[in-house]
Amino acid sequence: MPRDSWIADLHIHSKYSRACSKDLELPNLAYWARRKGIRLLGTGDVTHPAWLAHLGETLEEAEPGLYRLKESIEHRLPPSLKGEPTRFMLSGEISTIYKRDERTRKVHHLVYFPDLESAGRFRASLVKAGCNLSSDGRPIIGLDSRDLLEMTLEAHADAYLVPAHIWTPWFSALGSKSGFDAIADCYADLADHITAVETGLSSDPEMNLRVSSLDRYRLVSNSDAHSPQALAREATEFDCDLDYYAVKRALAGEPGLTGTIEFFPEEGKYHADGHRDCGVNWSPAQTKAAKGVCPVCGRQLTVGVLARVEELADRAPDQQPSPQRVTHLIQLHQVIGEIEGVGAKSKTVDGKINALVAALGAELTILTKTPLDDVSRVGGELLAEGIRRLRAGQVDRVPGFDGEYGVIRLFQPDELRASTSDDGLFELFDVPRVEAKPRPRAKAAAVAPRKPVSAPPLPSIASPHEPFEPMLAGMEEVGTGLLDRLDAMQRVAASAPGGPLLIVAGPGTGKTRTLTHRLAYLCAEMNVFPEQCLAITFTRRAAEELRHRLASLLGPVAKDVTVATFHALALSLLRERDSSYEVTEETDLDQLVPRAVELLREDPDKLRWNWVFVDEYQDVDQHQYDLLRLLVPPDGNICAIGDPDQAIYSFRGADVGFFLRFSQDFEDARVVRLTRNYRSSAPIIAAAVQAIAPTSLIKGRRLDPAKVDLEAPLIGLYPAASTADEAGFIAKKVDELVGGVSHRSKAADTRGVTGATVGFGDIAVLYRTDAQATAIVETLSRAGIPVQKRSHNRLKDREGVSALIHEMRLAHPEGSVAARLKKLANEQTWAAADLLMPLAQRSGHDLERFLADVATGAEVDALDPRAEAVTLLTLHAAKGLEFPVVFLTGCEDGLLPLRMPGKQPTDDEIAEERRLFFVGITRAQRRLFLSHSARRTRFGTERETRPSPFLAAIDSGLLESYKEEAPRRPRDLQLRLL
DNA sequence: TCCTCATCTAGTCTG
DNA sequence: TAGATGAGGA
């Protein structure tokens with residue numbers, strides 16, 4: 001005996017998702033599910049904090065792994081729909097945007113969980129990875145698909161992931177624009193955990209069966225509803241037990257999945273090829289003939305799902321029978337709208353459907369099962385005929401393309417004009433009768449008259465997939481000797497004989513490369529002992545980088561070289577005399593170097609390091625300088641490297657004067673200049689040189705591009721009306737550069753950095769003062785763009801860490817730190833608790849040590865995948881970093897150069913501000929955007945501001961000015977962005 | 001110990 | 001303008 005079958009729709013959204021109806025709340029969803037005929041509904045948006053809370057409050061457990069509404073909605077339903085309440089399965093859709101193999105990938109995924117706890121754990125692990133889950137129910141995150149799958153599987157043994165609408169060009173696993181050629185490639189080593197894929201609105205199982213690599217996956221369909229009315233427009237039919245685990249097993253290949261309800265694939269928004277704005281709607285063959293170029297605008301056409309299937313297909317059509325039932329439908333309101341000659345979403349249609357449903361039952365039942373005689377009796381003959389044709393597949397189809405839905409029609413226009421829509425029993429239900437108007441047919445009119453355009457194709461433009469060449473390609477040529485991989489001046493510096501050596505290395509000229517090669521050359525080819533070498537940096541990060549690169553050049557002996565920060569060096573010198581020397585207080589840290597100097601003065605070192613290297617020499621302060629003088633005699637083997645024009649730390653005692661008088665301090669010093677820049681495009685380098693020229697500390701300062709690309713874009717200059725406008729500009733540009741973060745995005749700006757190669761992690765936003773970040777973080781987050789702001793203490797900023805520690809002390813006074821934290825984490829599903837677990841485990845029972853670790857911001861981040869995000873940094877923090885795309889914001893007089901109220905900056909201070917501007921510009925590799933706002937609030941008062949005087953130094957020929965946008969209401973701005 | 005009021009500051013950061 | 005801090009009173 002056949003089992004009862006039932007219908008599931010497992011991909012929907014809540015009111016917390018962008019561009020979704022405010023009606024998407026659980027009671028409404030439950031009502032509409034009943035009206036449509038859905039037995040099991042995904043909750044959608046399970047990662048959104050407010051929605052997850054709503055789910056927790058509104059749902060109660062039902063069958064294993066499923067939920068139902070606590071409160072009954074039976075009173076809202078007509079008798080024809082009475083029956084079992086809808087079940088809910090915890091579900092969500094995640095949009096991942098990330099780079100793999102130098103291409104930006106954008107893939108949407110559906111995730112499912114059997115209980116609220118595991119959904120909470122999943123959420124927590126995303127937050128830990130740095131994802132912003134609050135501003136969109138369908139969050140955009142910078143994680144690799146593979147890592148997302150891993151997090152899903154780790155949340156619960158029975159959690160699972162289904163790739164969403166796998167064929168859409170911009171946002172799917174197999175998408176032509178930013179996906180992969182096989183599902184398995186997308187999920188890498190975890191691919192075996194994928195057992196089902198969602199075919200999406202623009203494809204049906206028949207099309208998918210042409211690609212044999214998909215044979216191993218169950219094909220499912222869902223509505224992806226953005227309003228309750230759109231539920232069940234596609235759906236999946238099961239006959240297994242109504243239970244989370246049975247569904248999961250059915251999706252993994254056990255019996256239970258019986259079929260899908262599908263759009264006619266032509267109706268999908270991305271079925272055919274074309275350009276919406278140009279009115280070009282082509283078949284794949286037409287596109288092929290024109291080499292993919294739009295005859296109207298000359299750009300690449302948006303290639304649809306049909307073409308993409310053709311591209312990956314290894315079977316002819318109809319070669320493989322579908323193992324499951326496929327039912328093609330349009331929605332009931334479309335059928336009635338067509339018959340009535342009114343919009344499918346009109347009141348008239350809604351009223352008629354209410355009447356039909358009250359008499360005949362759920363909409364899907366009416367469309368697929370109700371005897372046509374009954375349909376005719378209640379809804380009229382025309383409706384019965386329409387449904388008959390629908391069930392027989394006798395429909396007219398105008399394919400959708402480039403984001404525009406296709407149109408499916410059941411009747412010829414004359415068939416409807418002749419009829420008077422005499423619909424019998426509708427009168428019984430007192431539905432207001434609307435006269436049949438001339439049919440506006442909005443959608444059809446917009447699409448149908450656009451005939452295929454057959455103008456000759458324009459010359460092809462560069463493919464948007466082409467990755468740009470790595471900047472260092474020319475330098476990386478493999479040679480025989482160590483120094484063969486350096487350019488001429490780098491080689492002079494690296495191979496210089498002993499004695500004092502000063503390397504003046506401009507930004508992007510291979511400073512670290514030169515330093516490491518010199519060290520390696522001395523050890524490997526000049527018989528210098530690695531133990532005699534000391535390399536000093538300012539930051540742990542720089543030390544780590546140096547160690548890493550030395551190891552790759554020298555191999556195991558690299559570890560005999562002492563690489564240390566000034567502080568670490570001082571500490572080790574102090575500990576040599578007093579092994580118990582401890583740093584207990586922060587103010588102690590400042591004393592490290594002076595103490596070491598004292599000590600060396602009393603008891604001079606025996607010059608155990610014959611070769612001393614100092615990075616960023618322009619940033620040394622008096623104590624560091626004293627230490628160096630004590631370690632190195634005036635004729636000693638010291639190699640200092642740096643760039644006086646990047647001296648930006650005078651406020652903490654650094655004095656560029658030490659750099660400038662190196663030749664007086666050390667006898668017969670050699671000076672080598674590195675001026676060949678491998679980092680930035682020619683316009684960026686030219687602008688940087690012009691910007692620093694007025695007060696450069698280097699005579700005849702120059703910087704030469706290693707490679708000249710005539711296509712390199714100019715520097716963008718945006719005069720914003722307000723700081724909100726400035727932030728909006730950044731959000732819009734980021735969206736364009738990554739090629740759109742959502743379906744609504746407009747055309748990509750792919751110059752210089754082609755669209756498919758810019759990821760969020762390639763973009764930095766720089767500013768002078770931390771206060772500027774607020775508006776930018778807010779605007780970018782609201783636009784769904786992941787951001788990371790580097791903070792002084794990386795843990796301090798994370799949600800509620802200090803509150804959490806306080807609570808931990810109160811709530812769980814007993815037990816190890818880890819156990820107490822774990823208890824708290826279980827109680828609250830709190831991301832911050834998870835974040836602290838690695839530290840807690842390391843500290844074991846020692847609460848004080850744990851607190852110390854938290855306070856010093858110990859490295860917890862390295863333990864987990866970090867999501868790609870746009871980096872927000874102060875200009876100071878940006879030193880030493882580089883990004884393909886840089887936004888240098890707040891280029892205003894008073895901010896850059898910075899002026900504090902009541903203080904007139906000295907010429908030296910203004911010069912240092914200019915150096916900061918120089919540092920900012922030279923962080924950019926391919927694209928640089930400068931912006932300033934006409935008004936800015938500082939210290940509580942808004943003032944008119946003028947562009948930075950530094951901008952005037954840059955030749956206007958290097959700049960491309962963007963027009964200021966007309967002021968818009970915030971809501972409009974948001975819609976326009978996405 | 002907690003609360004209120006006045007005063008000050010608002011900028012960049014690494015160990 | 002707003003928040004953080006410290007003094008002083010209840």
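In what follows, every chain begins at residue 1, and chains take the letters A, B, ... in the order their sequences are listed. What's counted below: heavy atoms across the whole structure, side chains too, no hydrogens, waters or symmetry copies.
Rounding to whole angstrom units, CG of residue D615(A) and P of dT14(B) are separated by 15 Å. Look at OH on Y649(A): it is 6 Å from P on dC13(B), rounded to the nearest Å. Atom CG of L881(A) is separated from atom C1' of dC13(B) by 14 Å (rounded to the nearest Å). In this structure, Q591(A) places its CD atom 18 Å from P of dG15(B), rounding to the nearest Å. The interatomic distance linking Y767(A) (OH) with dT12(B) (P) rounds to 9 Å, in whole Å. Look at CG on L766(A): it is 13 Å from C1' on dT12(B), rounded to the nearest Å. If you take NE2 of H623(A) and P of dG15(B), they are 18 Å apart, rounded to a whole angstrom. Whole-Å rounding puts the R935(A) CZ to dT1(C) P distance at 15 Å.
Ring-plane geometry between F658(A) and Y625(A) is classed as parallel, the angle between the planes falling under 30 degrees on a 0 to 90 degree scale with a further cut at 60.
Within the 3.5 Å criterion, the main-chain N or O of L697(A) finds no donor-acceptor partner in the side chain of R701(A). Judged purely by atom type and a 3.5 angstrom limit, R938(A) uses its side chain to pair as donor or acceptor with the backbone of G894(A).
dC13(B) and dA2(C) are spaced 24 Å apart, taking the C1' atom of each and rounding to whole Å.
Nearest nucleotide to the T539(A) side chain, out of dG15(B), dA10(B), dC13(B): dG15(B). Comparing dT14(B), dG15(B), dG11(B) by their nearest atom to the side chain of R652(A) picks out dT14(B). Side-chain proximity of T769(A) to the nucleotides dT12(B), dC13(B), dG15(B) is greatest for dT12(B). Proximity note for T874(A) (side chain, C-beta onward) versus dC13(B), dG11(B), dT14(B): the nearest is dC13(B). Here the nucleotide nearest the side chain of D590(A), chosen from dC13(B), dG15(B), dG11(B), is dG15(B). Side chain of A877(A), nearest nucleotide from dG15(B), dG11(B), dC13(B): dC13(B). Nearest to the side-chain atoms of M900(A) among the listed nucleotides dT12(B), dA10(B), dG15(B) stands dA10(B).
For the pairing with D893(A), the salt bridge (charged side-chain N to carboxylate O under 4.0 Å, His left out) check across R768(A), R899(A), R943(A) returns one residue only, R899(A).
The phosphate of dT1(C) has neither OP1 nor OP2 within less than 4.0 Å of any side-chain N or O from T937(A).
Within the nucleic acid shown, F566(A) has no heavy atom closer than 4.0 Å to any nucleic acid atom. As judged by a 4.0 angstrom heavy-atom cut-off over every strand, R938(A) is placed among residues making no nucleic acid contact.
A donor N or O paired with an acceptor N or O is not found under 3.5 Å between the base of dG11(B) and the side-chain atoms of D770(A).
Stacking between F651(A) and dT12(B) is shown: the ring centroid lies under 5.5 Å from the centre of the six-membered base ring, and the planes differ by under 30°.
Taking the side chain as every heavy atom from C-beta outward, L873(A) and R923(A) never approach each other to under 4.5 Å.
Around atom CG of D907(A), no more than 12 heavy atoms belonging to other residues, nucleotides or ligands sit under 6.0 Å away.
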